[in-house]
Protein chains: 2
Amino acid sequence: MPAPHATSHACPIRDVLDRVGDAWSVLVITELNKGPCRFNALRRVVDGISQRMLAVTLRQLERDGLVSRRVTDGRPPQVTYGLTARGVSLHAALAPLADWAARHQQAIRDSRAAFEATQALAA
Amino acid sequence: MPAPHATSHACPIRDVLDRVGDAWSVLVITELNKGPCRFNALRRVVDGISQRMLAVTLRQLERDGLVSRRVTDGRPPQVTYGLTARGVSLHAALAPLADWAARHQQAIRDSRAAFEATQALAA
DNA sequence: CTGTATCCATGCCGATACTG
DNA sequence: CAGTATCGGCATGGATACAG
């Protein structure tokens, strides 16, 4: 998105999707919802995320007050991340969408296959 | 996302977000939820979307069985888009997220401002 | 009016290397 | 362990031109 459009102001969900739509955010939130977690532990469990994207994602979430960052200096230094109350509430708001996804997953795959079959005929 | 990761299979919400996270999809679905709409009418109301992205977005949604496409040939030719039952159910599943967004919008902006103020101090 | 095809700028993100 | 900095490839998406 190059510039904020007219619809942006009127549509708060657009803002949320910009944050949540990157896919990593939701995975991180889902993991943290299970309980606080350290950086590298998160890195292992999210699987596939690069060190950079985990750092960036966590910064964004922290910035938005969705994730808390607690530093316990020592040898070695530890940083523990967790969901804030706001983060938990976002996770809850995500639940219906997750349900929908789970319930329609297969039907969507079928539709997609059918659609592509039609396209193949046309070509 | 370069390749499907381990988490992908287990996490259906990831699939949905890939579809819905592009921001245009949600706006189009929201508009169509108000009632059927023609291509150019949609183009005007979504505001900011390019012809290309509207076409691509509609194709994807149709492909997934979320949007129906009805052609009424004539002079000039007309194409009307509308939500399918599945599309309506997705819109419903999106509602809690939209509510959350509306309710936390301001708080997030505040958090962000505060965070950036802190960062400015550090620098 | 409703698209499709092409071109090209932008920006995302993974890989890598380095720091406290 | 927990990051930041930099580079470079690749996909996204706007602009434009063209077609049915």
Side-chain angles (χ1 to χ4, degrees), chain A residues 1-8 14 17-28 31-32 36-63 67-82 118-119 122-123, chain B residues 1-8 14 17-28 32 36-63 67-82 119 122-123:
Chain A
M1 211 172 0
H5 301 121
T7 0
S8 300
R14 175 93 178 241
L17 285 173
D18 282 349
R19 194 120 325 270
V20 133
D22 62 68
W24 292 129
S25 295
V26 175
L27 292 180
V28 169
E31 273 314 314
L32 289 181
C37 199
R38 305 248 309 272
F39 187 87
N40 276 351
L42 220 38
R43 189 151 147 57
R44 276 188 299 275
V45 67
V46 172
D47 187 85
I49 196 171
S50 63
Q51 186 178 25
R52 179 179 189 275
M53 284 318 293
L54 180 55
V56 169
T57 300
L58 285 171
R59 268 276 182 278
Q60 282 181 344
L61 294 174
E62 187 195 357
R63 183 181 129 121
V67 158
S68 64
R69 179 175 183 272
R70 194 173 57 253
V71 182
T72 320
D73 249 40
R75 292 298 311 175
Q78 288 186 190
V79 180
T80 305
Y81 291 92
T118 308
Q119 294 310 87
Chain B
M1 209 175 358
H5 301 119
T7 358
S8 300
R14 176 94 178 240
L17 285 173
D18 281 348
R19 193 120 324 269
V20 132
D22 61 70
W24 293 128
S25 295
V26 174
L27 291 180
V28 169
L32 289 181
C37 200
R38 304 250 307 277
F39 187 87
N40 275 353
L42 221 37
R43 189 151 147 59
R44 278 189 299 275
V45 66
V46 173
D47 185 87
I49 195 171
S50 64
Q51 187 178 25
R52 178 183 139 79
M53 284 317 291
L54 179 55
V56 168
T57 300
L58 285 171
R59 268 277 183 279
Q60 283 181 343
L61 294 174
E62 188 195 356
R63 184 180 128 121
V67 158
S68 64
R69 178 174 183 271
R70 192 172 61 252
V71 181
T72 319
D73 251 39
R75 294 295 313 172
Q78 287 186 190
V79 181
T80 306
Y81 293 92
Q119 294 311 88

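Lettering of chains follows the sequences in order, A, B, ..., and the numbering in each one begins at 1.
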Donor-acceptor pairs are to be reported for all side-chain atoms of residues 54-61 of chain A against protein atoms at under 3.5 Å, with residues two or more places apart or in another chain.
residue : atom : partner : partner atom : Å
T57(A)  : OG1  : M53(A)  : O            : 2.6
R59(A)  : NH1  : E62(A)  : OE1          : 3.4
Q60(A)  : OE1  : R19(A)  : NH1          : 3.4

Nucleotide dT2(C), atom P - distance to CD1 of I49(B) in whole Å: 14 Å
Rounded to 10°, tell me the angle between the two end axes of the helix from dC1(C)-dG20(D) to dG20(C)-dC1(D), each built from five pairs. 40°
Check the distance between dG14(D)'s C1' and D47(B)'s CG and give it to me in whole angstrom. 15 Å
Contacts of type side chain to side chain donor-acceptor pair (under 3.5 Å), residue S25(B), not counting sequence neighbours: D22(B)
Roughly, in whole Å, what's the span from CD in Q60(B) to C1' in dG13(D)? 12 Å
Output, in order, the C-alpha distance, side-chain angles, deciding distance and verdict of side chain to side chain contact (heavy atoms under 4.5 Å, CB included) for V20(A) and L17(B). CA-CA 8 Å; V20(A) 133; L17(B) 285 173; 4.0 Å; yes
CA sep, side-chain torsions, deciding dist, call: L42(B), L32(B), side chain to side chain contact (heavy atoms under 4.5 Å, CB included): CA-CA 8 Å; L42(B) 221 37; L32(B) 289 181; 4.0 Å; yes
Nearest whole Å is fine: how far is dG14(D) P from D22(B) CG? 11 Å
Is there side-chain contact between L27(B) and R14(A), with heavy atoms separated by less than 4.5 Å? yes
Euclidean distance, atom CZ of residue R70(A) to atom P of dC1(D) [Å, nearest integer]: 18 Å
Can you tell me if the side-chain N/O atoms of W24(A) get under 4.0 Å from OP1 or OP2 in dC12(C)? no
Expressed in angstrom and rounded to an integer, what is the separation of L61(B) atom CG from dG3(C) atom P? 13 Å
Which atoms form the tightest heavy-atom contact between V67(B) and Y81(B), and what is the distance? CG1-CD2, 3.8 Å
Starting from P on dG14(C), measure out to CG on L54(A) and report it in whole angstrom. 11 Å
Would you list the protein and nucleotides 2-11 of chain D atom pairs, both N or O, that sit under 3.5 Å from each other?
residue : atom : partner : partner atom : Å
dA2(D)  : OP1  : R38(A)  : NE           : 2.7
dA2(D)  : OP1  : V79(A)  : N            : 3.4
dA2(D)  : OP2  : N40(A)  : N            : 3.0
dG3(D)  : OP1  : R69(A)  : NE           : 3.3
dG3(D)  : OP1  : R69(A)  : NH2          : 2.6
dG3(D)  : OP1  : Y81(A)  : OH           : 3.3
dG3(D)  : OP2  : Y81(A)  : OH           : 2.5
dG3(D)  : N7   : Q51(A)  : NE2          : 2.1
dT4(D)  : OP1  : R59(A)  : NH2          : 2.7

So how far is it from R44(A) CZ to F39(A) CZ, rounded to the nearest 0.5 Å? 11.0 Å
Considering residues at least two apart in sequence or located in another chain, which fulfil the salt bridge (Lys or Arg N to Asp or Glu O under 4.0 Å) criterion with R43(A)? none
Which residues pass the side chain to side chain donor-acceptor pair (under 3.5 Å) test with R52(A), sequence neighbours left out? none
note: E62(B), atom CD; dT2(C), atom C1'; distance rounded to Å ~ 13 Å
